[in-house]
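Structure first, then comments.
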Amino acid sequence: MVSETTIPPSEEWSTEWGEEALRKCKHWLVLEPLVYVMPKADPTQTVKDKIAVKGRGDIVEGDGMRVAGTRWLRSQHEGAEAWILIDGAAIGADRCFLEPVPG
């Protein structure tokens with residue numbers, strides 16, 4: 001795992017990417033100090049609903065998709081379907097929480 005101190009703030013290097021990256025990318029970089037892994041793709045869930053957390057610099061494997069117009073990463077956690085919010089706009093944050101890793 002990469003230390004948080006070696007990664008500059010996301011606004012310094014995050015990129016603009018589109019629907020093709022959302023569909024094709026299978027590895028995603030966590031940009032935020034902390035993101036919640038949730039049991040379903042629903043932005044009204046709270047911290048009490050989380051099933052795990054990921055931190056800045058973590059690479060998460062999964063499939064990007066839109067659910068009710070919001071970008072989510074569908075992944076796995078302990079053998080069960082899990083979701084991480086990609087698009088912070090769904091909760092009032094004007095930034096993405098994950099960045100697609102090329103390759």
Side-chain angles (χ1 to χ4, degrees):
M1 179 180 353
V2 178
S3 168
E4 184 175 329
T5 59
T6 63
I7 299 173
S10 60
E11 61 273 3
E12 290 183 19
W13 55 272
S14 64
T15 62
E16 292 292 325
W17 49 271
E19 293 298 314
E20 185 175 12
L22 183 67
R23 287 190 315 276
K24 290 185 175 182
C25 288
K26 299 299 179 193
H27 295 91
W28 296 75
L29 177 67
V30 177
L31 302 176
E32 293 291 305
L34 189 70
V35 295
Y36 299 136
V37 181
M38 307 303 278
K40 56 188 176 180
D42 178 358
T44 64
Q45 297 171 105
T46 68
V47 66
K48 293 184 281 183
D49 300 306
K50 75 179 179 345
I51 55 177
V53 295
K54 299 291 181 182
R56 181 181 288 143
D58 287 346
I59 302 290
V60 183
E61 188 173 343
D63 297 310
M65 60 185 55
R66 285 192 181 268
V67 177
T70 300
R71 294 180 293 184
W72 287 87
L73 181 69
R74 182 178 63 189
S75 190
Q76 293 284 311
H77 178 73
E78 297 181 352
E81 186 174 75
W83 299 84
I84 300 174
L85 186 60
I86 295 174
D87 188 353
I91 59 169
D94 188 25
R95 62 189 181 278
C96 288
F97 299 153
L98 306 176
E99 176 87 7
V101 177

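Numbering starts at 1 and runs along the sequence shown. Quantities reported herein were computed from a predicted structural model and do not represent experimental measurements.
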ask   = Got a sec, which residues hit side chain to side chain contact (heavy atoms under 4.5 Å, CB included) with Thr44, two or more places apart in sequence or on another chain?
value = Asp42

task = Answer yes or no: is there a side-chain heavy-atom contact under 4.5 Å between Val37 and Val53?
result = no

request  = Decide yes or no for Arg56 and Glu32: does some side-chain heavy atom of the first lie under 4.5 Å from some side-chain heavy atom of the second?
outcome  = no

Common cluster, Met65/Tyr36, ILVMFWY with side-chain heavy-atom separation under 4.5 Å = no

ask   = Do Leu29 and Leu34 share a hydrophobic cluster (ILVMFWY, side-chain heavy atoms under 4.5 Å, transitive)?
value = no

Minimum heavy-atom separation for [X] and [Y], please, with both atom names.
X     : Y     : value
Lys50 : Met38 : CA-SD, 3.7 Å
Leu73 : Gly64 : CD1-N, 3.8 Å
Ser75 : Val60 : OG-CG1, 3.9 Å

key: Partners passing salt bridge (charged side-chain N to carboxylate O under 4.0 Å, His left out) against Arg74 (at least two apart in sequence or in another chain)   = Asp63

inquiry  = Test of understanding: with salt bridge (charged side-chain N to carboxylate O under 4.0 Å, His left out), list the residues that count as partners of Lys24, not counting sequence neighbours.
reply    = Glu20

Pairwise distance [atom1]([X]) to [atom2]([Y]) - rounded to 0.5 angstrom:
X     : Y     : atom1 : atom2 : value
Glu61 : Gln76 : CD    : CD    : 10.0 Å
Leu22 : Trp28 : CG    : CH2   : 5.0 Å
Leu98 : His27 : CG    : NE2   : 13.0 Å

request  = Mark yes or no for whether Glu99, through its side chain, and Leu31, through its backbone, hold a donor-acceptor pair below 3.5 Å.
outcome  = no

If you look only at distance, which donor and acceptor atoms sit under 3.5 Å apart when one is on a side chain in residues 79-92 and the other is two or more places apart or in another chain?
unit_1: Glu81; atom_1: OE1; unit_2: Trp83; atom_2: NE1; d: 3.3
unit_1: Asp87; atom_1: OD1; unit_2: Ala89; atom_2: N; d: 3.0

Counterpart residues, side chain to side chain donor-acceptor pair (under 3.5 Å), relative to Arg66 (two or more places apart) = Glu19

